[in-house]
Peer 1: 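Handing you a structure now.
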Amino acid sequence: MTQPLYYEYAVQPGETITTIIHKLYGWSPPTRRYGEILDAIKALNPEVPNLHNLWPGTVLRVSDGTSAVAAPPGRCS
(Lines give C-alpha, C1' and ligand atoms only; values in the text may rest on other atoms or scores of the structure.)
Protein backbone atom coordinates (compact mmCIF):
# COMPACT_ATOMS: atom_id res chain seq x y z
CA MET A 1 0.00 0.00 0.00
CA THR A 2 1.47 3.37 -1.00
CA GLN A 3 1.22 6.39 1.23
CA PRO A 4 -0.44 9.56 -0.08
CA LEU A 5 1.79 12.50 -0.99
CA TYR A 6 -0.38 14.85 1.02
CA TYR A 7 -2.89 15.10 3.81
CA GLU A 8 -5.63 17.61 4.53
CA TYR A 9 -5.11 20.43 7.01
CA ALA A 10 -7.94 22.66 8.27
CA VAL A 11 -6.91 26.29 8.78
CA GLN A 12 -7.48 27.41 12.37
CA PRO A 13 -8.60 30.91 13.46
CA GLY A 14 -5.70 33.35 13.38
CA GLU A 15 -3.47 31.19 11.17
CA THR A 16 -1.77 32.44 8.03
CA ILE A 17 0.08 30.47 5.38
CA THR A 18 3.33 31.56 7.05
CA THR A 19 2.28 30.30 10.49
CA ILE A 20 1.01 27.05 8.96
CA ILE A 21 4.29 26.41 7.14
CA HIS A 22 6.26 27.22 10.28
CA LYS A 23 4.01 24.98 12.40
CA LEU A 24 4.11 22.00 10.02
CA TYR A 25 7.64 22.25 8.62
CA GLY A 26 9.59 24.58 10.91
CA TRP A 27 10.52 27.03 8.17
CA SER A 28 9.80 30.75 7.95
CA PRO A 29 10.51 33.38 5.30
CA PRO A 30 12.78 34.52 3.80
CA THR A 31 14.52 31.13 3.56
CA ARG A 32 14.67 29.33 0.23
CA ARG A 33 13.11 26.27 1.84
CA TYR A 34 10.05 28.32 2.87
CA GLY A 35 9.59 29.36 -0.77
CA GLU A 36 9.85 25.75 -1.94
CA ILE A 37 7.24 24.64 0.57
CA LEU A 38 4.92 27.52 -0.39
CA ASP A 39 5.27 26.55 -4.07
CA ALA A 40 4.44 22.93 -3.22
CA ILE A 41 1.33 23.95 -1.28
CA LYS A 42 0.25 26.17 -4.20
CA ALA A 43 0.67 23.23 -6.58
CA LEU A 44 -1.42 20.97 -4.33
CA ASN A 45 -4.19 23.58 -3.99
CA PRO A 46 -4.79 25.18 -7.41
CA GLU A 47 -8.39 25.96 -6.45
CA VAL A 48 -7.27 28.32 -3.65
CA PRO A 49 -6.84 31.70 -5.38
CA ASN A 50 -4.74 33.37 -2.68
CA LEU A 51 -2.90 31.41 0.01
CA HIS A 52 -2.20 34.71 1.78
CA ASN A 53 -5.92 35.24 2.41
CA LEU A 54 -7.11 32.09 4.18
CA TRP A 55 -10.28 31.69 6.19
CA PRO A 56 -10.66 29.45 9.24
CA GLY A 57 -12.02 26.10 8.13
CA THR A 58 -10.36 26.23 4.70
CA VAL A 59 -9.00 22.76 4.00
CA LEU A 60 -5.55 22.70 2.41
CA ARG A 61 -3.71 19.74 0.97
CA VAL A 62 -0.21 19.78 2.45
CA SER A 63 2.75 17.52 1.86
CA ASP A 64 3.34 14.82 4.43
CA GLY A 65 6.99 14.36 3.59
CA THR A 66 10.08 16.03 2.23
CA SER A 67 9.88 14.25 -1.14
CA ALA A 68 6.62 15.98 -2.06
CA VAL A 69 7.92 19.32 -0.80
CA ALA A 70 11.27 18.98 -2.54
CA ALA A 71 9.74 18.27 -5.94
CA PRO A 72 6.20 19.62 -6.30
CA PRO A 73 4.11 18.22 -9.15
CA GLY A 74 5.11 19.58 -12.54
CA ARG A 75 8.40 21.01 -11.34
CA CYS A 76 11.90 19.69 -11.82
CA SER A 77 14.56 19.88 -9.13
Peer 1: So, using side chain to side chain contact (heavy atoms under 4.5 Å, CB included) as the criterion, who are the partners of T58 when residues are at least two apart?
Peer 2: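 Only V11, L54, W55, L60 meet the side chain to side chain contact (heavy atoms under 4.5 Å, CB included) criterion with T58.
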Peer 1: Locate the shortest heavy-atom distance separating T31 from W27; write the atom from each residue and the value.
Peer 2: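 Smallest heavy-atom distance, with atoms named: OG1-CE3, 3.6 Å.
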Peer 1: Could you check whether any side-chain heavy atom of I41 comes within less than 4.5 Å of a side-chain heavy atom of Y9, counting everything from C-beta outward?
Peer 2: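 Result no, sub-4.5 Å side-chain heavy-atom pair not found.
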Peer 1: Are any non-hydrogen side-chain atoms of Y25 and V62 less than 4.5 angstrom apart?
Peer 2: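 Of all side-chain heavy-atom pairs linking V62 with Y25, at least one is under 4.5 Å.
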Peer 1: Residues in side-chain hydrogen bond (donor to acceptor under 3.5 Å, both in side chains) with E8, at least two apart?
Peer 2: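 Residues passing side-chain hydrogen bond (donor to acceptor under 3.5 Å, both in side chains) with E8: none at all.
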Peer 1: Please report the C-alpha distance between Y7 and S63 in whole Å, then the side-chain angles of each, then the deciding distance to 0.1 Å, and finally whether the side chain to side chain contact (heavy atoms under 4.5 Å, CB included) criterion is met.
Peer 2: CA-CA 6 Å; Y7 64 95; S63 163; over 6 Å; no
Peer 1: Please give me the minimum heavy-atom distance between T18 and P29, naming the atom from each residue.
Peer 2: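 Minimum heavy-atom separation between T18 and P29: CG2-CD, 3.6 Å.
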Peer 1: Between I37 and V59, is there a shared hydrophobic cluster once you connect ILVMFWY residues whose side-chain heavy atoms come closer than 4.5 Å?
Peer 2: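 No, it is not one cluster - the side chains of I37 and V59 are not joined through contacts under 4.5 Å.
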Peer 1: If we only count heavy atoms from C-beta on, is the H52 to L38 side-chain gap below 4.5 Å?
Peer 2: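 H52 reaches L38 side chain to side chain.
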Peer 1: Determine which pairs satisfy salt bridge (charged side-chain N to carboxylate O under 4.0 Å, His left out) with at least one residue from residues 16-26, sequence neighbours left out, and list them in order.
Peer 2: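 As it turns out, the salt bridge (charged side-chain N to carboxylate O under 4.0 Å, His left out) pairs with a partner in residues 16-26, which skip direct neighbours, are E15-K23.
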Peer 1: Of all heavy-atom pairs between P13 and P56, which one has the smallest distance, and what is that distance?
Peer 2: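 Heavy-atom minimum between the residues: CA-CG, 3.7 Å.
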